[in-house]
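Following: one structure in structure tokens, then a few remarks.
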Amino acid sequence: MQFEDKALVFASALSNVYKKPEERDDLQELKLEEESLTEDFTAMLWGLMIFYCHITEEKLDILGFLSILTRLAFQHSMEE
């Protein structure tokens, strides 16, 4: 499976969390394999960015999105 397709699977999975069971999208199953873990984790990050941009209607590149994630992580750690 291509990287972009994996990222879309992860974005759809995130979206499904907020849907009623009968409204959820069918997802392609991914196999957890050690040799593709780096690509999978990177696709998860891209999927999260796709989902975020869809919800907020912002147009971000990955560095802009990482900046947002860094601020959120910092804010959360300061609250603890």
Side-chain angles (χ1 to χ4, degrees):
M1 176 182 290
Q2 297 290 327
F3 176 83
E4 293 80 12
D5 295 330
K6 282 184 181 182
L8 290 173
V9 168
F10 288 117
S12 293
L14 284 168
S15 178
N16 276 349
V17 171
Y18 296 99
K19 294 179 181 177
K20 295 177 184 174
E22 63 274 7
E23 297 173 345
R24 292 180 182 156
D25 300 319
D26 290 329
L27 300 176
Q28 184 171 354
E29 182 179 347
L30 301 178
K31 293 187 181 187
L32 186 62
E33 297 174 341
E34 189 174 340
E35 48 286 336
S36 64
L37 281 178
T38 299
E39 179 178 284
D40 288 354
F41 285 128
T42 307
M44 286 178 203
L45 177 60
W46 253 258
L48 180 57
M49 181 180 71
I50 291 166
F51 181 66
Y52 176 88
C53 289
H54 176 75
I55 296 296
T56 64
E57 298 182 353
E58 290 185 53
K59 295 189 186 313
L60 297 170
D61 62 12
I62 193 63
L63 295 178
F65 183 62
L66 287 173
S67 174
I68 290 169
L69 292 179
T70 301
R71 273 187 278 140
L72 291 172
F74 180 76
Q75 287 173 355
H76 181 76
S77 68
M78 295 305 292
E79 292 172 1
E80 292 184 337

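Here the structure is a predicted model, which means the values were calculated and not measured.
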Any residue meeting side chain to side chain contact (heavy atoms under 4.5 Å, CB included) with L32, in chain and number order, not counting sequence neighbours: L37
Would a single hydrophobic cluster contain both F3 and I62, if residues Ile, Leu, Val, Met, Phe, Trp and Tyr are joined by side-chain heavy-atom contacts under 4.5 Å? yes
Around atom CD of E22, are there more than 12 heavy atoms from other residues, nucleotides or ligands closer than 6.0 Å? yes
Quick one: name the residues clustered hydrophobically with I50, using the 4.5 Å side-chain heavy-atom rule over I, L, V, M, F, W, Y, and just say none if it's on its own. L8
For M78, the rest of its hydrophobic cluster, which grows through side-chain links under 4.5 angstrom: F74
Tell me whether L45 is reachable from V17 by hopping between hydrophobic residues (I, L, V, M, F, W, Y) whose side-chain heavy atoms are closer than 4.5 Å. yes
In this structure, CE of M49 is separated from CG of L60 (nearest 0.5 Å) by 7.5 Å
Quick one: CG on L14 to NE2 on H54, what's the gap to the nearest 0.5 Å? 12.0 Å
Could you grab the distance from atom CZ of R24 to atom OG of S12, nearest 0.5 Å is fine? 13.0 Å
Just wondering, more than 12 heavy atoms not from E35 lying within 6.0 Å of its CD? yes
Of all the heavy-atom pairs spanning G47 and A11, show the shortest one and how long it is. O-CB, 3.4 Å
Residue pairs meeting salt bridge (charged side-chain N to carboxylate O under 4.0 Å, His left out), one or both in residues 38-53, sequence neighbours left out, come to K6-E39, K6-D40
With sequence neighbours left out, write down each residue that passes side chain to side chain contact (heavy atoms under 4.5 Å, CB included) with E23, or none if nothing qualifies. K19, K20
With K31, which residues qualify under side chain to side chain contact (heavy atoms under 4.5 Å, CB included), at least two apart? E33
Can you sort out the partners of F65 under ring-ring contact (aromatic ring centres under 6.0 Å, His included), two or more places apart, ordered by chain and number? Y52
Side chain to side chain donor-acceptor pair (under 3.5 Å): which pairs involve residues 65-80, sequence neighbours left out? H76-E80
Got a sec, which residues hit salt bridge (Lys or Arg N to Asp or Glu O under 4.0 Å) with E58, two or more places apart in sequence or on another chain? none
Do you know which two heavy atoms are closest between V9 and L27, and how far apart they sit? O-CD2, 4.1 Å
For Q2, check side chain to side chain contact (heavy atoms under 4.5 Å, CB included) against everything at least two apart and list the hits. E4, D5
Would a single hydrophobic cluster contain both W46 and I55, if residues Ile, Leu, Val, Met, Phe, Trp and Tyr are joined by side-chain heavy-atom contacts under 4.5 Å? yes
With the 4.5 Å side-chain cut-off for hydrophobic clustering, are L66 and M44 part of the same group? no
So, taking the atom named CG in L48 and the one named CZ in F10, what distance separates them when rounded to the nearest 0.5 Å? 11.5 Å
Just checking D26: does its CG atom have more than 12 heavy atoms from other residues, nucleotides or ligands closer to it than 6.0 angstrom? no
